[in-house]
Amino acid sequence: MHSICFQATGVPGSNYIFDSCSPALAISKPINLRFCGLRKEAFGFSGLTHSSSGRVHFSSRGHSKKVSASAESNGSPPKSFDYDLIIIGAGVGGHGAALHAVEKGLKTAIIEGDVVGGTCVNRGCVPSKALLAVSGKMRELQSEHHMKALGLQVSAAGYDRQGVADHANNLASKIRSNLTNSMKALGVDILTGVGTIVGPQKVKYGKVGFPDNIVTAKNIIIATGSVPFVPKGIEVDGKTVITSDHALKLESVPDWIAIVGSGYIGLEFSDVYTALGSEVTFIEALDQLMPGFDPEIGKLAQRVLINPRKIDYHTGVFATKITPAKDGKPVIIELIDAKTKEPKDTLEVDAALIATGRAPFTNGLGLENVNVVTQRGFVPVDERLRVIDTNGNLVPHLYCIGDANGKMMLAHAASAQGISVVEQVTGRDHVLNHLSIPAACFTHPEISMVGLTEPQAREKAQKEGFEVGVAKTSFKANTKALAENEGEGLAKLIYRPDNGEILGVHIFGLHAADLIHEASNAIALGTRIQDIKFAVHAHPTLSEVLDELFKSAKVKAAASSHGPVSEPVAV
């Protein structure tokens with residue numbers, strides 16, 4: 001969600017991470033949710049306290065859990081090390097950690113059993129953006145009204161499926177090569193093979209059929225990422241019943257495709273498929289589409305992204321069984337009511353995309369060798385991303401970042417976590433504020449968000465006793481958006497009128513994914529509205545949407561004093 005991460009709890013026997021650190025939740029059964037943002041004030045957490053014994057205490061709503069560092073472990077750590085830092089997993093998170101480690105002077109190695117770049121570069125963010133770039137241009141060219149308003153005349157737009165697929169694949173290959181070369185150029189050792197922890201500060205790696213190699217390091221970071229989650233009862237054949245891994249190859253464009261889950265993965269693929277001519281049916285377990293969005297933004301997004309397009313939907317239902325097409329028969333989807341579990345409907349479609357979230361890829365890591373047990377597949381960590389063992393003790397010199405810890409399943413969050421860990425192992429205490437990490441859905445128009453939704457903010461306010469203010473501005477009032485004939489959009493600010501704290505910002509509109517960073521950086525730096533409203537924005541630009549948003553907030557607190565302002569220099 002994004003920018004709030006919800007982690008599922010209370011799902012026996014399931015390692016399912018719902019489409020949860022994304023704009024929407026797609027759940028397979030009723031669950032309890034806990035917030036994973038780390039800023040202590042966010043949801044009434046009192047945070048960390050340190051006792052004289054060195055134990056670390058976490059408290060929340062009257063309950064406390066003790067976590068302490070312990071030297072107890074299986075085996076003894078080596079006295080000398082091959083590396084200062086070993087990273088298991090060369091995705092975006094591992095890459096970010098490696099580059100920062102080299103900058104800090106650490107001798108660094110990264111272990112990769114597949115290909116450099118991980119999910120994001122090879123099967124996620126990067127190729128999907130290539131497909132979405134195509135869908136955006138197709139939509140523009142197909143909109144006669146839009147073209148006519150700009151005074152343009154365009155003949156019927158068409159596309160070459162293989163050419164589109166090649167564009168996505170070529171982009172992934174280029175970025176993968178760039179990541180590999182950047183690490184090699186900086187002296188990062190890339191060790192090929194599957195990494196397994198065999199003891200304290202000790203890792204083995206190797207390819208199947210070849211002898212294993214043992215390497216040691218002062219510190220180890222787990223960055224193994226995640227894989228698509230497929231609920232029970234769904235048979236994936238990779239052709240007619242597919243995950244996002246298969247869909248990104250664009251081996252076909254079905255006439256009618258069902259998308260199970262209306263989170264950011266499902267929404268983005270609905271944008272691609274409908275632009276290329278498919279009809280889409282959403283299957284969502286909750287009672288409304290895009291439930292993880294701020295409700296007001298979600299309502300507007302549905303009006304623009306869903307209702308006018310060839311999209312229908314079934315909400316409040318589970319897909320209990322999906323059978324691939326074969327022997328001339330279509331894909332068959334059996335639906336039941338999410339609450340009563342009674343049979344609801346049976347769909348026959350050309351293809352089905354399973355976009356029900358992702359599961360951590362942590363099997364075979366050797367965590368049992370350091371007395372660590374995963375929680376629904378996630379590696380348990382504290383707010384400094386230090387791994388916690390079964391006794392509640394911190395495993396010395398072992399960290400976990402990215403999707404594998406489940407705090408916020410976003411590539412840039414993984415990279416930020418990796419940098420935070422490197423700061424810690426080089427002597428600077430650092431706790432990442434996950435509530436300052438933005439998220440985006442790259443539909444047309446885009447959706448972006450950071451911080452709390454309005455309902456979350458009001459719940460927090462009720463518990464802590466403060467008022468919530470809401471300010472909004474429309475893209476219809478922005479000159480640049482109107483020049484582009486893209487006035488459909490809304491920006492929303494949720495804040496505290498008493499002190500000017502930014503609680504959340506949500507944007508739906510042209511280039512929303514780029515605009516959100518002014519807000520996320522303000523949250524990260526602790527900048528208050530009464531100060532940021534004096535910032536100057538170039539005119540005419542889309543950034544003025546945020547400028548107007550901050551200026552329209554009614555804050556009671558005065559602006560901070562930054563000293564005398566120098567006289568302007570004539571040029």
Subject >> Salt-bridge criterion met for Lys239 and Glu251 (N-O under 4.0 Å) >> reply: yes
Original post:
Would Lys480 and Glu544 pass as an ion pair if we require N to O under 4.0 Å?
Top reply: no
Original post:
Backbone N or O of Thr315 within a donor-acceptor pair of the Glu284 side chain at under 3.5 Å?
Top reply: no
Original post:
Does Glu334 pair with Lys344 as a salt bridge, N-O distance under 4.0 Å?
Top reply: no
Original post:
If you measure from CG on Asp403 to OG1 on Thr362, what distance do you get to the nearest 0.5 Å?
Top reply: 11.0 Å
Original post:
How about Glu235 and Val241: do any of their side-chain heavy atoms sit closer than 4.5 Å?
Top reply: no
Original post:
At what distance, to the nearest 0.5 angstrom, does CZ of Arg309 lie from CG of Asn307?
Top reply: 10.5 Å
Original post:
Backbone N or O of Asp114 within a donor-acceptor pair of the Glu112 side chain at under 3.5 Å?
Top reply: yes
Subject >> Nearest-0.5 Å distance, CD1 of residue Ile502 to OG of residue Ser436 >> reply: 11.5 Å
Original post:
Ignoring hydrogens and geometry, is there a side-chain-to-backbone donor-acceptor pair from Thr243 to Asp245 under 3.5 Å?
Top reply: yes
Original post:
So, Thr453 and Asp294: side-chain donor and acceptor under 3.5 Å apart, yes or no?
Top reply: no
Original post:
Would you say the side-chain atoms of Gln417 and Asn405 include a donor-acceptor pair closer than 3.5 Å?
Top reply: yes
**OP:** Among Glu486, Glu484, Arg139, find the one that has a side chain to side chain contact (heavy atoms under 4.5 Å, CB included) with His146.
**Re:** Glu486
Subject >> Closest approach of Leu482 to Gly487 (non-hydrogen atoms, all atoms of both residues) >> reply: CD2-CA, 4.4 Å
Subject >> Backbone N/O of Phe229 and side chain of Thr356: donor-acceptor pair under 3.5 Å >> reply: yes
**OP:** Check the surroundings of atom CD in Gln162: do more than 12 heavy atoms from other residues, nucleotides or ligands lie under 6.0 Å from it?
**Re:** yes
Original post:
Does a donor on one side chain sit under 3.5 Å from an acceptor on the other, for Gln302 and Tyr313?
Top reply: yes
Original post:
Do you know which two heavy atoms are closest between Ala319 and Leu335, and how far apart they sit?
Top reply: CA-CD2, 3.9 Å
**OP:** Grab the two heavy atoms, one from Ile401 and one from Val421, that are nearest each other, plus how far apart they are.
**Re:** CG2-CG2, 3.9 Å
**OP:** Spell out, as yes or no, whether a donor-acceptor pair under 3.5 Å connects the side chain of Thr224 to the backbone of Phe361.
**Re:** yes
Original post:
Considering all heavy atoms of both residues, which atom of Thr274 and which atom of Ser270 are nearest to each other, and what is their separation?
Top reply: OG1-O, 2.6 Å
**OP:** Rounded to the nearest 0.5 Å, what's the gap from CG on Leu267 to CD1 on Ile447? Could you check?
**Re:** 6.0 Å
Original post:
When you check the side-chain N and O atoms of Ser448 and His517, is any donor under 3.5 Å from an acceptor?
Top reply: no
Original post:
So, Ser177 side chain and Lys174 main chain: donor-acceptor pair closer than 3.5 Å or not?
Top reply: no
Original post:
Counting N and O atoms only, with roles assigned by atom type, does the side chain of Arg161 sit under 3.5 Å from a partner on the main chain of Leu250, one being a donor and the other an acceptor?
Top reply: yes
Subject >> Approximate separation, where rounding is to 0.5 Å, of Ile507 CD1 and Leu549 CG >> reply: 7.5 Å
Original post:
If only atom types and distance count, is the side chain of Tyr159 paired as donor or acceptor with the main-chain N or O of Val164 below 3.5 Å?
Top reply: no
Subject >> side-chain contact (heavy atoms from CB on, under 4.5 Å) between Leu353 and His246, worked out >> reply: CA-CA 9 Å; Leu353 168 62; His246 307 107; over 6 Å; no
Original post:
Do the side chain of Ser143 and the main chain of Glu140 share a donor and acceptor less than 3.5 angstrom apart?
Top reply: no
**OP:** Examine the side chains of Ser135 and Asp271 and answer whether a donor and an acceptor come within less than 3.5 Å of each other.
**Re:** yes
**OP:** Please report the shortest heavy-atom distance between Leu347 and Thr281, naming the atom on each side.
**Re:** CD1-CG2, 4.2 Å
**OP:** Determine whether the side chains of Glu518 and His537 contain a donor N or O and an acceptor N or O closer than 3.5 Å.
**Re:** yes
Original post:
With Met183, which of Val102, Val116, Thr108, Asn178 fulfils side chain to side chain contact (heavy atoms under 4.5 Å, CB included)?
Top reply: Val116
Subject >> Stepwise salt bridge (charged side-chain N to carboxylate O under 4.0 Å, His left out) test for Lys476 and Glu488 >> reply: CA-CA 6 Å; Lys476 289 183 173 69; Glu488 192 74 71; 3.5 Å; yes
Subject >> Thr443 side-chain N/O to Pro445 backbone N/O, donor-acceptor pair under 3.5 Å >> reply: yes
